[in-house]
Structure formats: C-alpha cells, structure tokens
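A quick note: this is a predicted structure, and the numbers were derived from the prediction, not measured. Proteins come first, then strands; the chains are lettered A, B, ... in the order of their sequence lines, and each starts at number 1.
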Amino acid sequence: MKVIVQQAAFDAGALVNTFTAAQAGMGAIVTFQGVVRGDGGLARMEIEHYPGMTERALTAIATEAAQRWSLGNVLVIHRHGSLAPGEVIMMVATAAPHRADAFAAADFLMDYLKSRAPFWKKEYAADGAAENATWVAAKDADEAALARWQGAGNV
Amino acid sequence: MKVIVQQAAFDAGALVNTFTAAQAGMGAIVTFQGVVRGDGGLARMEIEHYPGMTERALTAIATEAAQRWSLGNVLVIHRHGSLAPGEVIMMVATAAPHRADAFAAADFLMDYLKSRAPFWKKEYAADGAAENATWVAAKDADEAALARWQGAGNV
Amino acid sequence: MMIDVLYFAWVRERIGLPRERVTTEAATVADLVAELIQREDRYAAAFAEVTALRVAVDQVLTGFDAPLSGAREVAFFPPMTGG
Amino acid sequence: MMIDVLYFAWVRERIGLPRERVTTEAATVADLVAELIQREDRYAAAFAEVTALRVAVDQVLTGFDAPLSGAREVAFFPPMTGG
C-alpha cells in the first residue's frame with residue numbers, strides 16, 4: 001500500500017505501469033484519475049491540504065479498503081497547490097485477483113477520499129483575482145455516497 | 001470512441017496518458033486492465049478471437065455504454081495470441097464529466113466484453129503440452145453479472 | 001444457398017477445421033445444426049450439447065431459432081471468455 | 001493546557017491565520033469553540049455556522065462533543081472537497 005501527497009505533477013501512465021508490473025497473481029487493475037475541469041472559465045485551482053493528517057486519512061481509507069475487499073495492492077496519489085484545467089489532480093489504483101473487488105475498492109476509495117481526506121479546492125477565474133476566487137462547496141451527494149458502503153465488502 | 005484488437009503487447013500507461021490528455025472537460029478517467037494470472041502453474045495462455053465480429057461486438061458494447069452514460073470518450077483494446085503470466089490482456093478506459101458515470105461505464109464494458117465479445121482463452125501448463133491445455137470455461141457469474149445493468153444509465 | 005460456417009475454440013478442435021463453405025437449404029440455425037450432425041461423428045460430438053454453444057449469424061450473436069435467409073456467415077463457438 | 005489550533009480553507013481566511021497556540025481549560029471541542037467565539041468578531045464569523053464545519057483532534061476527524069483531554073492539536077475546516 002502506498003500513499004503519496006505532493007505538489008509536483010506526476011506521470012500517471014508511468015505510475016500505472018509500475019503498479020501493474022509489481023503485482024503477482026492479480027488479474028484486475030483499476031485506476032481512477034481526477035482531472036481539473038475548465039468549466040465556467042476556470043483558470044486554475046488551488047488545493048489546500050492538512051499536512052500530516054492528509055497522509056493519515058488516506059492511509060486509513062486505503063487500509064479500510066484492503067480489509068473490505070481481497071486486494072493485492074492499493075496506490076493513492078494526490079496533488080496540492082496550483083493546478084490548471086486538464087491537469088491530473090489525483091489517482092487511485094487497485095489490484096485484485098478479480099475485477100469486482102478491484103472496481104468496488106477503487107469506487108470506495110474515491111467516495112471516502114472526497115469526503116474524508118482533508119483537501120479543499122479554491123477556484124480562480126480567468127482574471128485570477130483573489131477576491132473572485134471561490135471555495136468549492138462539498139456536495140450533499142458526496143456525503144450521501146458514503147452510505148452506499150454500509151456493510152459492503154468483507155465487513 | 002476507439003476499439004483496437006491486436007496481437008502485440010501495448011503500453012497501457014502510454015495509452016492512458018494519451019487518452020487522458022485528449023479529453024476536454026472530463027473530470028474523471030477510469031481504466032481497467034486485465035492481467036494474465038499465473039495460478040496453478042499456468043505457463044501461458046492462447047487467446048483466440050473472431051476477426052471482424054470482435055471489432056463489431058466491441059464497438060457495439062462501447063456504443064451502448066456511451067448511450068447509457070454521459071461519457072466523453074471510450075477506449076477498448078484487447079490482445080489475442082499467446083500471453084504469459086503478468087502480461088496485460090486488455091484495457092478499457094472511460095472519460096466522463098463525473099466519476100459515477102466513468103466507473104459505471106467501465107464496469108459495464110467489462111461485464112459485456114467478458115460475455116459478449118468473441119474471445120476464448122486456452123490455458124497451457126508448464127509442460128506446454130497441447131493435449132494438457134484446457135479451454136477456460138465461462139462462469140455462470142459472468143452471465144449473471146449482465147443482469148445488474150437492466151435499466152442502468154440513461155435507458 | 002452457400003454459407004460460410006465458422007468454428008471457434010473447442011468447437012473448431014472437435015470438428016477439426018476453422019471454417020468451411022456449406023451448401024444448404026436450412027431455414028434456421030437449428031436446421032443447419034441438424035444437417036451438420038448427420039454428416040459425421042465429429043459434428044455430432046461438437047454439437048452434442050447445443051445449449052452449451054453460442055451462435056452468430058453475420059457476426060451478430062443470435063439464437064438457434066434465427067432464420068438463415070440471406071445469411072452469408074454462421075459461426076458456432078462456446079460461451080466467450082475474454083477480458 | 002496548551003493546544004495548537006489549526007484553521008483551513010475559508011475558516012483560515014475568516015480568522016486570518018493558519019494556526020495559533022491557545023491556552024485553554026475547555027473540556028470539549030464545543031467548549032473551545034465557545035471560548036474562541038468570545039475573543040473577536042472574526043472568530044464569531046468563522047464559527048457562525050458550526051454545523052457547516054468539521055473538526056479533527058490530533059489529526060483524526062471527530063465530533064464537536066469530543067473531549068480535549070490530552071489533545072495536542074485541534075483543526076477546524078469546512079467539509080472536504082478533494083478527489
């Protein structure tokens with residue numbers, strides 16, 4: 001299990017290949033990448049996080065996934081700082097003997113990461129003015145999504 | 001939408017990066033990779049397919065996914081011929097504005113690809129003897145999995 | 001009419017060839033299977049458990065009751081195991 | 001006792017600083033919030049809608065009724081929006 005929090009861009013494809021090559025006996029690899037959308041004239045976003053707690057929270061979520069499903073490995077990488085539209089914000093990867101576990105675990109990781117890992121996004125419009133920047137509001141749907149996982153997996 | 005059927009190995013990471021970079025306004029990229037497992041002393045597998053129908057079936061499945069969910073793009077690549085344990089058999093990638101659609105579409109693609117695209121696997125043990133090679137049997141669970149998608153998405 | 005008949009995986013192995021051109025007046029896939037079974041034991045062996053087989057007419061999955069009128073290509077194979 | 005109090009996102013912006021060391025005898029997170037609100041308007045503004053906030057004690061998410069006994073670090077922030 002690996003959890004990485006960094007400001008720098010990462011090569012998602014290279015990470016995926018390394019992750020896949022490191023598995024033994026895993027028939028299924030699922031990845032999710034979150035990408036900055038340029039909707040509504042977004043120029044860039046700033047991602048703030050809580051150093052220390054971020055790594056703890058991501059590790060706890062990954063550990064929970066590994067307890068619920070039969071997984072060979074889990075990778076979580078999440079950026080912070082300034083990101084432009086089209087940039088990859090984060091990625092999760094799961095390896096499992098069977099595809100249902102790999103899919104469910106990746107889906108679970110995303111739902112929990114969104115609502116339980118301490119990241120906050122601030123969006124800057126094209127004029128870049130700080131006074132026009134707005135914090136992204138959490139969606140009720142994101143919190144509601146967690147209820148899907150009550151009793152899911154080997155719990 | 002892109003469907004590729006080939007014998008040669010492919011660079012999954014490079015394909016993922018190209019796929020991700022080509023999207024506009026898509027916030028979510030999901031990939032699934034199927035990998036040859038070396039269970040029970042498997043030395044290699046041979047994947048037979050039905051040239052012509054394979055591409056048609058994969059295109060039909062990808063088109064169905066694009067009709068059911070709000071997707072920006074779909075990629076399906078599947079190998080045939082001889083593959084050793086650890087080799088990547090196939091990959092699907094989906095791009096969507098939102099993660100729920102990207103996950104559901106990838107999951108759907110895999111279920112349908114497994115039971116509706118004309119590929120057949122034959123497994124060879126370490127001795128490599130053709131008379132000991134066995135065709136992989138379809139699982140009842142794979143057929144049953146299709147029922148999950150009754151009415152799922154925008155249908 | 002002339003139809004290309006294709007066999008895949010263990011159906012191909014049991015019959016011993018990947019494809020052949022068949023002259024037939026069969027109205028449906030099931031009629032064609034009945035004709036093939038009459039030919040030789042290897043066909044009978046391949047089609048012994050027809051419920052275990054899948055069929056495609058002109059590269060589209062269909063049922064054994066599908067009509068063959070106008071069909072150019074019929075393929076028989078076991079359930080798929082891709083992915 | 002001395003506790004490091006951290007603020008993130010718009011909570012940080014309203015209060016105007018990312019962290020501070022606070023001397024308090026508050027028994028719970030809610031008691032600490034009540035003390036902070038007394039200090040200055042900017043705290044009152046930040047904690048006006050306490051139900052819209054999340055709290056972590058020693059880097060673990062918890063509720064506002066959580067005890068502070070032995071705590072070294074308390075953080076206040078809006079609901080997370082990662083991913």
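In this structure, His78(B) contributes its side chain and Gly82(C) its backbone to no donor-acceptor pair below 3.5 Å.
Heavy-atom distances place no part of His80(B) under 4.5 Å from chain C, backbone and side chain included. Lys114(B) touches chain C through backbone and side chain together, each having a heavy atom under 4.5 Å away. Neither the backbone nor the side chain of Ile47(B) comes within contact range of chain C; no heavy atoms are under 4.5 Å apart. Contact of Ala137(B) with chain C is made through the backbone alone, with heavy-atom distances under 4.5 Å. With a threshold of 4.5 angstrom between heavy atoms, Ala117(B) approaches chain C through N, CA, C or O but not through any side-chain atom. Contact annotation for Glu46(B): neither backbone nor side-chain heavy atoms come within less than 4.5 Å of a heavy atom of chain C. Heavy-atom distances place no part of Arg79(B) under 4.5 Å from chain C, backbone and side chain included.
Residues Leu6(C) and Tyr50(B) have side chains in contact (heavy-atom distance under 4.5 Å, counting atoms from C-beta outward). Residues Glu48(B) and Arg12(C) meet the side-chain proximity criterion, which asks for heavy atoms closer than 4.5 Å. Between Met80(C) and Lys121(B), every side-chain heavy-atom pair lies at or beyond the 4.5 Å cut-off.
Closest heavy-atom contact between Asp58(C) and Arg56(B): O-NH1, 3.6 Å. Residue Val136(B) comes nearest to Thr81(C) through the heavy atom pair O-CG2, 3.3 Å, listed as atom of the first residue, atom of the second, then distance.
Within 6.0 Å of atom CG in Asp41(C), 12 or fewer heavy atoms from other residues, nucleotides or ligands are found, so the atom counts as exposed in its surroundings. Arg72(C) CZ: 12 or fewer foreign heavy atoms inside a 6.0 Å radius.
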Checklist line | Stepwise side-chain contact (heavy atoms from CB on, under 4.5 Å) check, Met53(B) with Leu61(C) | finding: CA-CA 9 Å; Met53(B) 177 171 168; Leu61(C) 277 176; 3.9 Å; yes
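When each of Tyr7(C), Trp10(C), Phe8(C) is tested with Trp120(B) by the rule ring-ring contact (aromatic ring centres under 6.0 Å, His included), just one qualifies, namely Phe8(C).
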